[in-house]
Amino acid sequence: MSLKDAALAVRKNAHAPYSNFLVGAALRTPAGNVYVGCNVENVAYPEGTCAEAGAIAAMVAAGERELAEVYVVADSPAPVPPCGGCRQKLKEFGAGDVKVTMGTLEGVEQETTIGDLLPGAFDAGHMVRS
Ligand code: THU
């Protein structure tokens, strides 16, 4: 199954009764395995989690820690970019050149990379004083 089809399928499982904005995310690792996630909202709004966070959690729970490619899809007029927090989460597990494709249900797609989504990212090197 393609990343796009995996993201479209998991999007249908999103729990988004507050925003009514269902999001699906699928990622592939260098080993070729695919992990998926959807947004899971909560009545205590800040406790909700994004689709990307769910897919990353599934990957890590399965014992993998590296992203090769990411696809995010939502029912939006234009492709929806990952939120700030998810950009940092993607950066944790993906190199700057990892492709991130954002898609709409109509099939409009926009491609970017983790590096372009989070320029100037905080990383472990910023905690080291030499
Ligand atoms: N959302 C995601 O899951 N991923 C994104 O990239 C953008 C936003 C979710 C969070 C919330 O459940 C809903 O979309 C509206 O913000």
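Atoms considered below: every heavy atom in the structure, side chains included; atoms not considered: hydrogens, waters and symmetry mates. Atoms within a ligand are numbered from 1 in the order they appear, just like the ligands themselves.
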**Student:** Checking a contact table here: which protein heavy atom is nearest atom 10 (C) of ligand 1, and how many Å away?
**Tutor:**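 Among all protein heavy atoms, the one nearest atom 10 (C) of ligand 1 is C50 SG, 3.9 Å.
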**Student:** If every non-hydrogen atom of V98 is compared with every non-hydrogen atom of L67, which pair is closest and at what distance?
**Tutor:**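 The answer is CG2-O, 3.5 Å.
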**Student:** Heavy atoms only: which of H15, E52, M102, E41 is nearest to atom 12 (O) of ligand 1?
**Tutor:** E41
**Student:** Please confirm whether T49 comes within less than 3.5 Å of ligand 1 when only nitrogen or oxygen atoms on both sides are compared.
**Tutor:**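 No, since none of the N or O atoms of T49 sits under 3.5 Å from an N or O of ligand 1.
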**Student:** What protein heavy atom is closest to atom 7 (C) of ligand 1, reported as residue, atom name and distance in Å?
**Tutor:** V80 CG1, 3.9 Å
**Student:** Distance only, no hydrogens: is a donor on one side chain within 3.5 Å (strictly under) of an acceptor on the other, for E109 and T101?
**Tutor:** no
**Student:** Report the part of S19 (side chain from C-beta onward, or backbone N, CA, C, O) that has a heavy atom under 4.0 Å from ligand 1; answer both or neither where that applies.
**Tutor:**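 Contact part for S19 vs ligand 1: side chain (C-beta onward).
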**Student:** Less than 4.5 Å apart, side chain to side chain, heavy atoms only: is that true for P77 and T104?
**Tutor:**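 The answer is no; the side chains never approach within 4.5 Å.
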**Student:** Which protein non-hydrogen atom lies closest to atom 9 (C) of ligand 1, naming both residue and atom, and how far is it?
**Tutor:**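 Of the protein heavy atoms, N39 ND2, 3.6 Å lies nearest.
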**Student:** Please work out which of P79, A51, G54, P81 has its closest non-hydrogen atom nearest to atom 3 (O) of ligand 1.
**Tutor:** A51
**Student:** Quick one: does V60's side chain get under 4.5 Å of F93's, heavy atoms only?
**Tutor:**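 Yes, at least one pair of side-chain atoms sits under 4.5 Å.
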**Student:** Mind checking whether V23 has an N or O less than 3.5 Å away from an N or O of ligand 1?
**Tutor:** no
**Student:** Nearest protein heavy atom to atom 16 (O) of ligand 1: under 4.0 Å?
**Tutor:**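 Given the 4.0 Å limit, the answer for atom 16 (O) of ligand 1 is no, no protein heavy atom qualifies.
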**Student:** Do other residues, nucleotides or ligands put more than 12 heavy atoms under 6.0 Å from the CZ atom of F122?
**Tutor:**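 Yes, enclosed.
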**Student:** Flag the pair M102 / T112 as yes when at least one side-chain heavy-atom distance between them is below 4.5 Å, and no otherwise.
**Tutor:**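 When only atoms from C-beta onward are counted, T112 and M102 do touch, with a gap below 4.5 Å.
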**Student:** Less than 4.0 Å is my threshold; does some heavy atom of P82 fall inside it relative to ligand 1?
**Tutor:**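 Within the 4.0 Å threshold, so yes.
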**Student:** Closer than 3.5 angstrom, by distance alone: can the side chain of R87 be matched with the main-chain N or O of P82 as a donor-acceptor pair?
**Tutor:** yes
**Student:** Could a heavy atom of C38 be found less than 4.0 Å from some atom of ligand 1?
**Tutor:** no
**Student:** Less than 4.0 Å between a side-chain N and a carboxylate O, is that true for K99 and E111?
**Tutor:** yes
